[in-house]
Amino acid sequence: MLNMKDVSKIYRTESVETHALREFSFDVDEGEFISVTGPSGSGKTTFLNIAGLLEEFSGGTYELDGCNVTNLNDRERSRLRNEKIGFIFQSFNLIPELDVFDNVDVPLRYRKFSSAERRKRIDRVIDLVGLGSRAHHLPSQLSGGQQQRVAIARALAGEPRFLLADEPTGNLDSQMAESVMELLEDINRNGTTIIMVTHEKNLAKRARRNIFMRDGCVSNNDSALHLAASSA
Amino acid sequence: MEIGPIWRAMSRNKTSYLLIAMQIAVTMAIMVNAFSIIQERSRMMARPSGVDEDNIFYLSSIGFLPEFDGRSASEEDLDALRRFPGVANAIMTNTVPLQGGGWSQGLRTEPGEEIESIGVAVYFVDEHGIDTFDVNLTQGRNFAPTEIMMFDPDANGARWPDKIIITQAMAEALFPDSPNDAIGRTVYIEDDLPITIIGVLQRMQAAWKEWSGVERAMLVPMKRKQNSFRYVIRAEPGYRDELMPQIEKMLAEKNTGRIIRGMTTMTETRERSYLEDSAMIKLLVFIVGVLTAITGLGIVGLASFSVARRSKQIGVRRALGATRPAILRYFMLENFLISSVGVVGGALLAVGLNVWMVHAFDLTPIAWYVIPTAMLILWLVGQLAVFGPARRATLVSPAVATRAV
Amino acid sequence: MISYYAKLGLLSIRQNPVLSALMVAAIATGIGACMTIVNIDYVMSGNPIPHRSSLLYHVQLDSWDPYEAAEEPNEPPDQVTYLDGTALLKAGKARRQVLSYRTGRVIQPDGDGQLPFQVSSRSTSADFFSMFDVPFLYGSAWDKAADDSAAYVVVLGREVNEQLFGGQDPVGRNVVMNGDTYRVTGVLDNWQPTPKFYDVSNQSFGEVEEVYFPLSVSIAEELSSSGNTNCWKPVPETTWQAFLNSECVWMQLWVELHGETERSDYLAYLDAYVESQKAIGRFPRPLNNRLYNVMEWMQNQEVVESDVKVLLGLAVLFLVVCLLNTIGLLLAKIMRRAGDIGLRRALGASRNAVFAQYIVEAGLIGIVGGVAGIGMTMLGLQGIRILYGEFDFIDRLVHLDWIMMSTAIILAIVSALAAALYPTWRACGIHPASQLKSL
Ligand SMILES: Nc1ncnc2c1ncn2[C@@H]1O[C@H](COP(=O)(O)OP(=O)(O)OP(=O)(O)O)[C@@H](O)[C@H]1O
Ligand SMILES: [Mg+2]
C-alpha cells in the first residue's frame, strides 16, 4: 500500500548538493510495523518526510494507498496527510499555547467533523494514551513521556492508516521509551501501519521488519539479519 | 470555524494581544471623534451664505480729512460704480456675510422691554441691496427708492425706517406659528418703535458664522451719514478679478480725502472665515491617517514576529494536514479576533471620549453610523495588515516539523 | 560589560531595521504630535505679563438688562460703559487705573510720495504704559496733564516710527492723523503680550495697536470703538453725547491692586459705587461685580481655543497609541527570543544581566525616537504655521521656547522609558526552566 520506486531526493545549497535519497525503492504492506535504522545523515528523516508527503521528491514514483502522489497539489497532499497519515516527532511538537485537548484537536479541525464527533474521538485517544485526567494541562505542565503520548494521541485521533514516527523515543528515558513502544505495538495490532525511525536497536528489533539505510539507500533488504549480526 | 482554540491560545499570551487591541481601541476612539468633528465642521462650512459669493467683492472707504463729505462722496461713488463696465450692481452697506463684524439688533412682536426680543443681523441697504447681494426675495417686494431713509446722527431725527425685509429664518423665529404670513406684519425695534415687514428673503447669513441664529438677518432701507463705509460690488460673471484693481484705482483717484482699504472677495472672506475649521479638518485627517498607518504597520510588525515565532508550529500544523488557505485563515481569524476586542473596546472608549467632549466643548454627539463605520475600517485595516505576514506563514514548509530545532 | 550589551542591542536593531525604524518613527510621531499641540496650548495659555499678572485686575460691572444676563449664566458684560469707566477712572481708588478702547486712525505722512495709511490705535490714559509695563525705545508716555487737557500727543509703535521717521528718535516731532496734528512723546520698543490680555474682545492673539493717544482726545473727536460695542437699552438720541451717556459697553477698565485686602476693598468700593448708581435708576440687576486678575480673566474669556484643547486630548491619545505600538513590538521581539533568554538564564545569566541587555536595546530605540520626536515637533509646528498661515499671530504660537524644548526632551525620555521598561521587565521575568521544556 506504500510503494516507492527509484525515489531520489537531492538537497541543493549554494555550495553542496546532497543526495539524501538515491533511487530509493521500497514497499510497505498494510498492517506492517517497520523500523528504519541507519547512521546519522543516511536519509531516514528524508525518507519519512517524503513518505509522509511533507517534502517533495526529485525523481521516481510514489504511490500511497494506490494513489500516485507525484503530481498532487498542496491541497490534496494536505488532505492525504490529514486523513491517512499520523505523525509522531522526536521533539513531540506540541503547540505550546494549546492544552492537551486542543492539541489533539488540531488535525481534526482540518476535517469536517461535527464537534460531538471530534470530542468523542479526542476523549477516546486521550484515554487510550492514559492521559484522561490531564486533558486540560498545557504541554509545559507535562513530562516528556506524557508529551509524547499526547503527540501519539494527536496522531491517532484522525484514525490514520499510517503512523510515521521519527525517533519517537529519542527524547525519552528507557522506561518512558518502553511505554511508548508498547503503545505503538498496541496500535499496530489494531491494524495501523507503522514506520518508525529509531536509533535504539532493541526497539528496532521489536518491529516486524527492519530496514537499514546508508547513504540514501536501503543497504540490505535482509536487514533483520544484519541487525542481529551487528548486535551479536 | 476554529475560534475556540485560537481564542484559548491567545488568552495564554494575553499581554501582546491586549496591547494591539488597546492600540486599536484608542485609534478607533480618536478616529470616531475626529470624524465626528470633521463632519460637524464640514456641515458648517457647507452652509450657503445666500449671497452670490462667486462675483461679490467689497472694500472700505475711510474718510480721514475733516472736510470729507461722506454723503456726497458715497452718492458719487455709487453712481460711478453702477455705471462702471462689468459691474452688475453696487451698494453702500455695513458688512457682508462671513465677514466677522456687523451690527445686530433685537426685534419683538409686541412692544415693551420686558418682552423677549429676537436677535437679528442688520444690513443697511438701498433699493439695490437685493440685486447687489443677489439674494432671493421669495415673498413681498423690494424697497422703493423713495423708501430709503437718509440718516444723519447729528440731526437727531428718526432712528429707524418703518419698513424692513427679513430672512425666512427670522420670519420663522418671529412667527413660529405662521412663518409664511410675515408680510405686512408689524414688529418692534428698540423696545417700541414699530416697523413693517414688506419682504422675505429665502436666505442671507449674518456676518458671524458661529452665531446660532446665523440665518436671521434683515435688510434696513437706510443710508447712514458717515465718513467711513463699505461698498459691496457684484461683478458680472467672470469680471471680478479684473475689476478689482480698476475700481480701487478709480475710487482712490476720485477723492483724496479718504483711503480705500480692504479690497476683498467673498471667496477670500469665506476661506478666511472658515480657516480654522478647514485647518482643523486637515489636522484631524492627518492625525487619523498617520494613526491608522502606525496601527496598521504595528499590526504588520507584530504579525511578522508572531509568524516567525510560530514557524515551527505552523510546520506542525501543515504536517498534521492544514492546507495553505487554512494557515492563512488561522492568522486572519486571529487578527480578526484581536481587532474585534479592539473595536468593541474602541466603541466604548469613543463614546466615552465623545460624551466628555460634548460636555466640555459643546461638540455634537457622534452619529450612530460613525461607530460601525470605524469598526469596519479598522477590521479592514487589520486584515490588510496581517495579510502579508499570514501569506508568509503559508510558505512555511511542513518539513519544518521534523527538521527545525 | 555595558559595551557588550550595547553591541548585542545594536545587533538586534540591525537585524530588524524596518521594525526598529517603525518603532522609532512611532515614538517620534507620537511625541511630535503631542508636543506640537502642547506647545500651542502652552503659548496660548501663557502668562502675558508674568511679573505683574497678579496685580492687574479687569473690572466688570453688571449694568446689564434686568431681564437677561449679558452672558448666561449671570455673567456681567465684559466691557464697561463710558459713564462707569470715566467715573471709576476719576475716583482713582486703585493704585492705578486705565480705561481704554481700540480705534483706527489714518496717518498722513508729510514726506512727499508717501500715501496716507490706516493704523490701529488705542485711546487710553497715561498710566497704560507704566501699568502694563510697556517698554519704550524713545521718549516716554505722555503725562497726566496731557490727559486732563486733551492734548494732541501720541506714542508710536516701533513699526510706525520706522515708516514715518526711518527709525530715528521722533520725540517732539509732529504726526498728522485724520487732519489733526499730534506731538510724539515716545516710541514703543518691541512689545507683544501673548495673549493680548488687556483687550481680548477682538482677537486674543492679535497684534498690539500701532499708535496710542489720550482717551480725552478721542472722546472730543467723537471716535467710536473699532472693537465691540454692545447695548441692551436703546440710546434715546443719536448724538455722541447721548451715546456717551448710554448703557452701551465698549471700553476696557483695568486697575492695579496689591494684595488681597486691596482687592476686597476695591470690590467693596465697586459695590458701593453701583449702589449709588442704583439710587439714580441705573444698574437694574442685582449686585454682580467682578475683579479678575490677568490669568483669571484669560480663563474666564477662554482665550485658548477649544479646538486646541480638543486637539490636545487627541494628541495625548495619539502618543498613547504610538507607545502601545512600540511596547507591543518590543515585547513581541523579546518574546520571540524567549527561548534564547531562558537559555541564557539557565546558563547563568542573572536577571540583571538580562535587564541590562534588553534595556540597552529598548532604551536605544526610545532615545532615538525621542530625539527624532523633537525634530517632529519642529516639523509639526511648521505644518501648523503653514496651515494657519493667514493668521498673523501664528508665528508666536509656533515658537518653541526653552521650557517647551526641555518638556519635549523630558517627554521623550519618559516615553522611551515607558516603552522600554515593560518589555524588558517581561524579559527578566522569563524563567530559566520554562523555555527549555517545550517547543
Ligand atoms: N533542508 C536540507 N537542505 C540540505 N541538506 C539537507 C536538508 N535536509 C537534510 N539534508 C541532508 O540530507 C541528508 C539526510 O538527512 P536526514 O535528515 O534524512 O538524515 P537522518 O538519517 O534523519 O539523520 P539523523 O539520524 O541524524 O536524524 C543529510 O546529509 C542532511 O545534511
Ligand atoms: Mg533524522
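These figures come from a predicted structure and were not determined experimentally. So you know, we letter chains A, B, ... as the sequences are listed, proteins then strands, and number each from 1.
Residue C:I384 touches chain B through its side chain alone, counting heavy-atom pairs closer than 4.5 Å. Contacts of C:T29 with chain B are made by side-chain atoms alone, with heavy-atom separations under 4.5 Å and no backbone atom involved. Neither the backbone nor the side chain of C:E302 comes within less than 4.5 Å of any heavy atom in chain B. For a residue to count as touching a neighbouring chain, one of its non-hydrogen atoms must lie under 4.5 Å from one of that chain's; by this rule C:A33 does not touch chain B. The contact between C:L19 and chain B is made entirely by side chain atoms (from C-beta outward), counting heavy-atom distances below 4.5 Å. Heavy atoms closer than 4.5 Å to chain C are found nowhere in B:I20, neither backbone nor side chain. Only the side chain of C:L22 comes within contact range of chain B, with at least one heavy atom under 4.5 Å from a heavy atom of that chain. When heavy atoms are compared at a cutoff of 4.5 Å, C:E68 does not approach chain B at all. At a 4.5 Å heavy-atom cutoff, the contact between C:Y67 and chain B is made by side-chain atoms alone. Contacts of B:D277 with chain C are absent, with no heavy-atom separation under 4.5 Å from either backbone or side chain. At a 4.5 Å heavy-atom cutoff, the contact between C:L331 and chain B is made by side-chain atoms alone. Of the atoms belonging to C:V235, it is backbone heavy atoms, and not side-chain ones, that fall under 4.5 Å from chain B. The part of B:L353 that comes within reach of chain C is its side chain, from C-beta onward, which places non-hydrogen atoms under 4.5 angstrom from that chain. The part of B:L284 that comes within reach of chain C is its side chain, from C-beta onward, which places non-hydrogen atoms under 4.5 angstrom from that chain. Contacts between C:K233 and chain B at a heavy-atom distance below 4.5 Å are absent for every atom of the residue.
In this structure, the side chains of B:F151 and B:W160 stay at 4.5 Å or more apart for every pair of heavy atoms. Side chains of B:M357 and B:I37 form a contact here, defined as non-hydrogen atoms less than 4.5 Å apart. Two residues are said to be in side-chain contact when any heavy atoms from C-beta on lie closer than 4.5 Å; C:Y182 and C:R105 meet this criterion.
Using modelled atom types, one finds no donor on one side chain facing an acceptor on the other under 3.5 Å when comparing C:T103 with C:S218. Under the 3.5 Å distance criterion, with hydrogens and angles disregarded, no donor-acceptor pair is assigned to the side chains of B:Q313 and B:R310.
The residue among B:S304, B:S16, B:A279 with the most heavy atom pairs within less than 4.5 Å of chain C is B:A279. Of the listed residues (C:V176, C:V310, C:N230, C:L314), the greatest number of heavy-atom pairs within a distance under 4.5 Å of chain B belongs to C:V310. Annotation: maximal heavy-atom pairing with chain B below 4.5 Å, among C:V106, C:N228, C:T229, occurs at C:V106. For the set C:G104, C:A242, C:G179, C:P116, the entry with the most heavy-atom pairs within less than 4.5 Å of chain B is C:P116. The candidate from B:Q105, B:Q23, B:E190 with the greatest count of non-hydrogen atom pairs under 4.5 Å with chain C is B:Q23. Interface summary for chain B: among C:K309, C:Q118, C:R426, C:E305, the most heavy-atom pairs under 4.5 angstrom belong to C:Q118.
Taking a 6.0 Å sphere around CD of C:Q114, one finds it holds more than 12 heavy atoms contributed by other residues, nucleotides or ligands. Atom CG of B:D152 has more than 12 neighbouring heavy atoms from other residues, nucleotides or ligands inside a 6.0 Å radius. For C:E222, the CD atom counts as densely surrounded, since its 6.0 Å shell holds more than 12 non-hydrogen atoms of other residues, nucleotides or ligands. At most 12 non-hydrogen atoms from other residues, nucleotides or ligands lie less than 6.0 angstrom from CD of B:E116. Around the CZ atom of B:F286, the shell of radius 6.0 Å holds no more than 12 heavy atoms that belong to other residues, nucleotides or ligands.
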Checklist entry - Given B:Q99 and B:W208, is the side chain to side chain contact (heavy atoms under 4.5 Å, CB included) satisfied, shown in steps? => result CA-CA 7 Å; B:Q99 201 270 341; B:W208 319 275; over 6 Å; no

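Looking only at distances, no side-chain donor or acceptor of C:E247 sits under 3.5 Å from a matching main-chain atom of C:C231.
You'll find the ring centres of C:W250 and C:F243 inside the 6.0 Å limit.
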